[in-house]
Amino acid sequence: MLGKILWQGVTSRHLTAIWSISSRSKHKLPDLPYDFNALEPYISAEIMKIHYEKHHATYVSNLNVAEEKLGEAKAKGDISAVIALAPALRFNGGGHINHSIFWQNLGPKSGEEPTDDLKSAIELDFGSIENLKIQLSTASIAVQGSGWGWLGYNRQSGRLQIAVCPNQDPLEATTGLVPLFGIDVWEHAYYLQYKNVRPDYVKAIWNVANWSDIASRFAKAKSG
Amino acid sequence: MSPVSVVTLWLVALCAASEQQQQQQQQRKEDLRAVIQPPYYLITVPAESYILPLLPYDYDQLEPQIEKSTVRAHYFGHHENYRKKMNSILTLWRLEEPDNSFSKQPILNIFKQLDEVPDKYRLRLKNNAGGFINHAIYWAVMSPNPNGTERFPSASLMKEIEESFENFYQFHLVFTNEAVDLLGSGYVWLVRDHKQEPGKQLSVVITKDQDSPITQDLDPLLVLDVWEHAYYLKHQYRRGSYVDDWWLLVDWQAVDELDQFWKRIRNPAKEEL
């Protein structure tokens, strides 16, 4: 988006938008809890750097632009314009939400496995941790095009559930499930390292799943 | 002889030599395309199991615009995967319904009538046959351009483009913007809608994932794959620079051939016996 603005030539309209964004400090890239190389060899530093600094950053900046336009459209009472912004909000807002969860979901390989409440819930709903891994992996690998595989918490049933979402559709807004662990299967998440072999990437990512983060999301979802 | 005339003669000789070399290269390219069918040809042929179509160029010949590692991963990884899955779905279907002659028709016919495919196979066949066919067309409308010369449509296609888009630049801009703005995975197409009146048949459309305008009864003339796998190794997040590179590879003669291909299918010439 920013590249496109520069390419078309910065107009006063763009300058106003940029000034408004900076003066109202909207969404920002969250801090990454570890260095780019922390997830090696499962996810390369090169991928982490581009994924965070370019892809996630672009969702953030485009979300800010979309929200700015939303404000303008609402101020003018332009319902049509509000509706027309929905895809951009969903895509970039979802992208920001999803990736913010993703960086927390991952961490340097710790060898930890789920314990206590989360372990019991997984065994109840999937039979075993191994089975959860198989089911979520299968679902993630099978995503057509770009999207995410999710382990989610169903507040109505109090059960764990697997879901997939296309593009950057956010899990909770789309399905009502509370996101616990997401696997980004957009090609940008793995291509530089795994090329077309998505199954290898999905298998590898389990090594860097941050179970304490997943457990704390589970605890929060259950109590909330 | 004066030094100036020696240099002039030398320059003239050099130009003649490079022109001859260019003609030879053009001839070689034409020979290859004359000898092998375009990659999409095999979709009109019935088969127990479809092969990967031959590319009309070597894996490194789309350089510098698309490098060898991307061509190989794209062709042997992605295109091949769609082929394998499409074939296994066809096999399962045919085993289950051995008397269903529709299931044995060329994949293009099946693809154009997906409603006739059993529910349990339809979505997977749509995705994988779509992937198989879309990539065949993608490869077909590109050709090597190592010197990066700007290429333009043939006179008749240019005229049609000008009728639908004001001018070539506008078409180029619309197509490029659609490619850069497409959210997620998909394709950008120049299609002909045979149901419209002449002069109003061309338009730019987008499809997501492996969806195809063929299922909408539109004839694709040009396609750009904007799935990340098409450009990530070289360009990473910079889809725009991939699109700029791709324009240099578009082979407008191949586009015309593809146009004729659909026309022949819609109006098969009656054979005089």
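Below, read A as the first sequence line, B as the second, and so on, with proteins coming before strands; counting in each chain starts at 1.
When all heavy atoms are compared, the tightest approach of B:Gly184 to A:Ser146 is C-OG, 4.0 Å. Considering every non-hydrogen atom in both B:Leu183 and A:Asn167, the closest pair reads O-ND2, 3.5 Å. The two residues A:Lys195 and B:Leu233 make their nearest non-hydrogen contact at CE-CD1, 3.9 Å.
With a 6.0 Å radius and a threshold of 12 heavy atoms from other residues, nucleotides or ligands, B:Tyr41 has its OH atom at or below the threshold. Other residues, nucleotides and ligands contribute at most 12 non-hydrogen atoms within 6.0 Å of the CZ atom of A:Arg90. Atom NZ of A:Lys203 has 12 or fewer neighbouring heavy atoms from other residues, nucleotides or ligands inside a 6.0 Å radius. Heavy atoms of other residues, nucleotides or ligands lying less than 6.0 angstrom from CD1 of A:Ile79 number 12 at most.
Interatomic distance, OH of A:Tyr191 versus OH of B:Tyr231, reported as 11.5 Å (0.5 Å rounding). Note that CD1 of A:Ile47 is 10.0 Å distant from CD of B:Gln236, once rounded to the nearest 0.5 Å.
Ranked by heavy-atom pairs under 4.5 Å with chain B, the list A:Glu187, A:Gln168, A:His51 is led by A:Glu187.
At a 4.5 Å heavy-atom cutoff, the contact between A:Leu192 and chain B is made by backbone and side-chain atoms alike. Interface remark: A:Phe91 contributes side-chain atoms only to the contact with chain B (heavy atom separation under 4.5 Å).
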B:Lys208 vs A:Gln144, test: side-chain contact (heavy atoms from CB on, under 4.5 Å). Steps then yes/no.
CA-CA 10 Å; B:Lys208 67 172 186 57; A:Gln144 292 295 315; over 6 Å; no

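By the 30° and 60° cut-offs, the orientation of the rings of A:His55 relative to B:Tyr232 is parallel.
Annotation: A:Tyr194 is not in aromatic contact with B:His229 [ring centroid separation under 6.0 Å not met].
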